[in-house]
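Everything below concerns the one structure shown next.
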Amino acid sequence: MQSFEIDKSDVLKVKNALLAGDEILKEVLEDYHASEIAIIFERLDKSERQHIINLLPSETASEIISEMDEESHPEDILFQLHPDKRTEIVEELDYDDATDIISQLEVHEQKEILEDLNEEDASNIRNLLTYHEKTAGGLMNTDLICVNINLTKKDAIDEIIRQSEEMEEFYTIYVVDDEETFKGIVSLKDIIKAKHNAQITELVKVDAVYVHPDTDQEEVANLISQYNLTSIPVIDNHQKLLGRVTFDDVIDVMEAESTEDILKISGVSEDEELSGNWVEAVKSRLPWLIINLGTAFLASSVVRYFDPTIKLIPSLAAYMTIIAGMGGNAATQALAVTVRRISLYDLTDKQAYRTVLKEFTVGLINGATNGLIVFLFAFLFDGNPMLGLVIFLAMTGNLVIAGVTGAGIPLILKRVGIDPAIASSIIITTFTDVFGFLLILGLASKLLL
């Protein structure tokens, strides 16, 4: 089965069905999975989305709302529904999905929704709302299968069957003692294969990987990926089992973290929505551009200082842009690799040193190679081997600086507690521009005049 991609014909088909009447609309929607309808929702207006959600059974509607992109604001659709329909949908949602959606509403709107729920559901959601959304607590689902370590195989299976009636799916069975203290995990496969008189205490894996509710979501994703887990338990400081984070939530986290890093490296605030309007884009990007403008003035001051050299050798102006541009590109490459390495691993001092040394070596080789190409161009086109030498040295030096700063700056920022993805690009661009101009103009002043 291929992944669904939004198509104009699908949108038109749904829009025509909306005009044709509810019975036709129901028939058309039956051809689509809930996740596909959520994608089609991106091209429908608010009233059309509302109509479809009201028309569909609460179980299907809840699946669509849970699959909707955050930027499509499913919380607005949910809140605008009739209280009875809204309550039915929330009760169909997993606690973590319900919490994610309700958390985007104003406090008084959250209160209104929670007051209509039964006490158990409302209590679970209120509890999850207390955790930061980007932590294990904010990701976890409190629905899980949990058995006592002292049970026999038969009693454990009976307990699993009883608890699973309220769950759509589960991957791991969590084990606790009489005090509800987390003792480990056991797989359903191991229970089924065990001898008839086996005890859970014989089957439990006590060295299970777990996280605390305040563990950052990226660390949770890394652990699930590293240990190939389908879910990971969340426990408090007293070893009490609070919930679980499943791999499907981690996929969303990895996508969000990657998007966040890309936006930060590009100098764009993580608060800017990809589908937002031009006003939001300007508010998000303008501050960074103003900061970048300030650093550009610093680079231009270097050019002003060597204005007499440029007047005597006008061809330097053309080569300056090449040196600065190549330095900026090389620095961005080193930065992207280093930021990604930092996000995946907790680098030791030795590993950090090796990272910078590697980028120094790469910068030296790439700089010398590109410098040689430009040297030959200057020699053949301008007929000036000394000019070619100046450009060769400037290119090599600036790409070395690009590699060292592209790797070193994010590592330094990480060490002092600043997110390396936020400020690194502006700092390294300043370095490569300033030193690029300084190298070519300074060397030209010394060697060509």
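Just the heavy atoms: all of them, side chains too, but no hydrogens, waters or symmetry mates, feed the values below. Counting begins at 1 with the first residue of the sequence.
- Ion pair E91/R86 not flagged as a salt bridge, since none of the NZ, NE, NH1 or NH2 atoms sits closer than 4.0 Å to an Asp/Glu carboxylate oxygen.
- Sorted pairs that involve residues 353-367 and meet side-chain hydrogen bond (donor to acceptor under 3.5 Å, both in side chains), not counting sequence neighbours, are lacking altogether.
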#### Entry: Test side-chain contact (heavy atoms from CB on, under 4.5 Å) applied to K26 and L55, step by step
CA-CA 8 Å; K26 284 181 180 179; L55 179 66; 3.4 Å; yes
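- Nearest heavy-atom pair, P233 versus L241, reported as atom, atom and distance to 0.1 Å: CB-CD1, 3.8 Å.
- Ring planes of Y174 and F182: tilted class, angle from 30 to 60°.
- Looking only at distances, no side-chain donor or acceptor of E59 sits under 3.5 Å from a matching main-chain atom of E92.
- Atom NZ of K414 and atom OG1 of T338 lie 13.0 Å apart (nearest 0.5 Å).
- Each of T201, T172, V175 was scored for a side chain to side chain contact (heavy atoms under 4.5 Å, CB included) with V186, with one residue passing: V175.
- Surrounding NZ of K46 are at most 12 heavy atoms belonging to other residues, nucleotides or ligands under 6.0 Å away.
- Atom CZ of F79 is surrounded by more than 12 heavy atoms from other residues, nucleotides or ligands within 6.0 Å.
- Ring geometry, H212 versus Y210: the interplanar angle exceeds 60°, so the pair is classed perpendicular (tilted spans 30 to 60°).
- The shortest non-hydrogen separation linking Q199 to T152 is NE2-CG2, 3.4 Å.
- Summarising the local packing, CZ of F360 is surrounded by 12 or fewer heavy atoms from other residues, nucleotides or ligands at distances under 6.0 Å.
- Rounding to the nearest 0.5 Å places CD of E133 at 6.5 Å from CD of E70.
- Between T432 and G327 the shortest heavy-atom distance is CG2-O, 3.4 Å.
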### Message
Could you go through Y32 and D10, starting from their C-alpha distance and side-chain angles, then the distance that decides it, and tell me whether this counts as side-chain hydrogen bond (donor to acceptor under 3.5 Å, both in side chains)?
### Response
CA-CA 10 Å; Y32 296 97; D10 293 302; 2.6 Å; yes
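- Within 6.0 Å of atom NZ in K153, more than 12 heavy atoms from other residues, nucleotides or ligands are found, so the atom counts as buried in its surroundings.
- For the residue pair L18 and H51, the shortest heavy atom distance occurs at CD2-CD2, 3.8 Å.
- Within the model, atoms CD of E119 and CZ of R126 stand 6.0 Å from one another, a figure rounded to the nearest 0.5 Å.
- Counting non-hydrogen atoms of other residues, nucleotides and ligands closer than 6.0 Å to NZ of K193 gives a total of 12 or fewer.
- Taking each heavy atom of S72 and E42 in turn, the nearest pair found is OG-CG, 3.9 Å.
- The nearest pair of heavy atoms linking N118 to D121 is OD1-N, 2.8 Å.
- Side chain to side chain, D178 and N148 meet the donor-acceptor criterion of an N or O pair below 3.5 Å.
- Judged as a side chain to side chain contact (heavy atoms under 4.5 Å, CB included), and not counting sequence neighbours, the contacts of D45 are S47, E48.
- Checked for salt-bridge contact, K134 and D216 miss the test: no charged N lies under 4.0 Å from a carboxylate O.
- Ion pairing of R162 with D158 is absent here, as no side-chain N (NZ or NE/NH1/NH2) approaches a carboxylate O to less than 4.0 Å.
- Ionic pairing of D31 and K13 is present here: one or more N-O contacts between side-chain nitrogen and carboxylate oxygen are shorter than 4.0 angstrom.
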